[in-house]
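The block underneath contains the structure these notes are about, expressed in structure tokens.
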2 protein chains.
Amino acid sequence: MSKRGRAGEPPLYAQIRDVLLDRVRTGALAPGQLLPNEFELAAELGVSQGTVRRALDTLTRERIVVRRQGSGTFVAVPDPDEWLFRYFNIYDAAGRQVTPDSIDTLASTGLANKRECERLGLGLNARVVRVTRRRTHDGVPFIAETLVLPADLFAGLAERAEIPNTVYDLMQRDYGVLVGRGDERVTAVAAGSLEADLLSLSPGTPLIRIDRVVYAIDGRAVEWRVSLCHLTEKHYRVRLT
Amino acid sequence: MSKRGRAGEPPLYAQIRDVLLDRVRTGALAPGQLLPNEFELAAELGVSQGTVRRALDTLTRERIVVRRQGSGTFVAVPDPDEWLFRYFNIYDAAGRQVTPDSIDTLASTGLANKRECERLGLGLNARVVRVTRRRTHDGVPFIAETLVLPADLFAGLAERAEIPNTVYDLMQRDYGVLVGRGDERVTAVAAGSLEADLLSLSPGTPLIRIDRVVYAIDGRAVEWRVSLCHLTEKHYRVRLT
DNA sequence: GAGTGGTCTAGACCACCCT
DNA sequence: GGGTGGTCTAGACCACTCT
């Protein structure tokens, strides 16, 4: 890392961000841990306090760290509820975010098929963990979904006694995979006989099909999920900015 | 505006942001206009250059201004293509954003009904402009939509010879309404006989229903739109962050 | 070369949290 | 009261754009 931004090199504050992010990724800084204050970090890294601040501001926006005035800067702790809601954008008629439960969860491991390799960016002969489940609201099933995850990243996942309601904080807590962003493709489909059965519908009922790929902060795809949702008095919410 | 952040007062950079935003809103700074440089603004407003920079950084993120190193800071010019794509999140199978055209556009003015008043936050006896149209891709109609706008904000809109393909840059160019954000509710519905006719489908075909309210930067609702979309080989894309 | 925004530094004071 | 992040200032140098 050089002091002056020589040709093509990223600015100092971005380099500092990367250094700190690496410490979180490798576990040198663990979730919940208090970071040194700005002046200590600045001295250690050989930059000014303002540059450290700028790096920490970036990490705050990326939800990697949490800053509390008067207390300090902490590595963010993945919170199950927060993660459940962050990617679960279904709201009821009154505008309240819906809290789903999971039932009939089944997990297995197998060889990835062509489509799975494609969506997850895996090589040939890669193994995947597949999870199927139904999600309910007030006891009524309204989503049937399948999750596909690279088995080498999540060893032993299929053998766990229980798959939690949200897998994203599990990824971060137990497997050290930092979730960064996701990409969804939404379409409308007619319920087939399978979905009709799972969700107690007439075949042909219109459903929302959400095809989601989630990427780790380093860009690797870590989950492909397809959710078929029957939305009555509920909707999928998108904020346009 | 006070120099020191006294109890409860927003920070200086936020106050400066508001001052500059007001100049854009009132037209004192017109779209495309070059702003004074950071030092001139700082001198004029009685703050330091760093504080002005921070305000301008905020306005840049909000897409109110555009900064070009070596050239200066300009008030953003609403660009039809940019605005069309910004809120039109439909992509084809190859991942390319779809460019829609409009046909059969009809506009009229009338008294707002209860639902319209509700969604647009209008008082009783308010008038609205209603626009219906179909949108096509490669000449094939795939969306039927209705737009509802407060008539007092958009005087003469219904009488225009042509309603453009995207109304959002029109709002900003011709009516001085700065578009800030939108909120969409997505559900799946079965095509009724009307939609089936408009989009050449069999009744009962699953459609995506997008119910959108768009708000100006000052928080007023400026459009309520319902789009019924038939997505074959296309999808509605959502980025999760 | 003149002018602009982008980066980086150094230092001050304030508001807030904890003990 | 001592330590932390949040704000604000002043000034330097760099990279980029235009003429």
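By convention in this document, chain letters (A, B, ...) are assigned in the order of the sequence lines, proteins followed by strands, and residues within each chain are numbered from 1.
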For B/Asn165, is there any backbone N or O sitting under 3.5 Å from a side-chain donor or acceptor partner on B/Arg135?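 Yes: the side chain of B/Arg135 pairs with the backbone of B/Asn165.
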
Please check if the side chain of B/Glu40 supplies one atom and the backbone of B/Asn37 the other of a donor-acceptor pair under 3.5 Å.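 Present.
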
Rounded to whole Å, how long is the line connecting atom [atom1] of [X] with atom [atom2] of [N]?
{"X": "A/Phe39", "N": "C/dA12", "atom1": "CZ", "atom2": "P", "result": "10 Å"}
{"X": "A/Asp57", "N": "C/dT7", "atom1": "CG", "atom2": "C1'", "result": "15 Å"}
{"X": "A/Gln49", "N": "D/dT9", "atom1": "CD", "atom2": "P", "result": "16 Å"}
{"X": "B/Arg61", "N": "C/dG6", "atom1": "CZ", "atom2": "P", "result": "13 Å"}
{"X": "A/Gln15", "N": "C/dT7", "atom1": "CD", "atom2": "C1'", "result": "12 Å"}
{"X": "B/Leu12", "N": "D/dA10", "atom1": "CG", "atom2": "P", "result": "12 Å"}
{"X": "B/Arg17", "N": "D/dT7", "atom1": "CZ", "atom2": "P", "result": "15 Å"}
{"X": "B/Leu35", "N": "C/dG3", "atom1": "CG", "atom2": "P", "result": "19 Å"}

Is the base of D/dG5 touched by the side chain of A/Arg53 through a donor-acceptor pair closer than 3.5 angstrom?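 In this structure, the two groups form no donor-acceptor pair.
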
Residue met sooner reading DNA chain C from 5', once A/Val52 and B/Glu38 are mapped to nucleotides: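 Taking each residue's closest nucleotide, the earlier one in sequence belongs to B/Glu38.
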
Please list, in numerical order, the residues of residues 63-76 of chain B that have a heavy atom closer than 4.0 Å to any atom of DNA chain C.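 By residue number: B/Arg67, B/Arg68, B/Gln69, B/Gly70, B/Ser71, B/Gly72, B/Thr73.
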
Pairs meeting criterion side chain to side chain donor-acceptor pair (under 3.5 Å) with involvement of residues 74-84 of chain B, two or more places apart: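 Of all non-adjacent pairs touching residues 74-84 of chain B, none passes side chain to side chain donor-acceptor pair (under 3.5 Å).
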
Both conditions, 6.0 Å and 45 degrees, for the charged tip of A/Lys234 above the ring of A/Phe142: are they met here?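 Cation-pi check for A/Lys234 and A/Phe142: passes.
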
Distance to the ring centre below 6.0 angstrom and angle to the axis at most 45 degrees; does that hold for B/Arg68 and B/Phe74?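 Relative to the ring axis of B/Phe74, which defines the angle, B/Arg68 lies inside both limits.
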
Distance-only polar pair, side chains of A/Tyr236 and B/Glu184, donor-acceptor under 3.5 Å: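 The criterion, which ignores hydrogens and geometry beyond distance, is not satisfied for B/Glu184 and A/Tyr236.
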
Candidates C/dC8, D/dG5, D/dC8 - which lies nearest the side chain of A/Asn37: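 Given the options C/dC8, D/dG5, D/dC8, the side chain of A/Asn37 is closest to D/dG5.
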
Pairs meeting criterion salt bridge (Lys or Arg N to Asp or Glu O under 4.0 Å) with involvement of residues 148-168 of chain B, two or more places apart: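 Pairs touching residues 148-168 of chain B that pass the test: B/Arg160-B/Asp174.
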
Using a cut-off of strictly less than 4.0 Å, decide whether A/Tyr13 has a side-chain nitrogen or oxygen near OP1 or OP2 of C/dT7.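 Affirmative; the distance criterion is met.
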
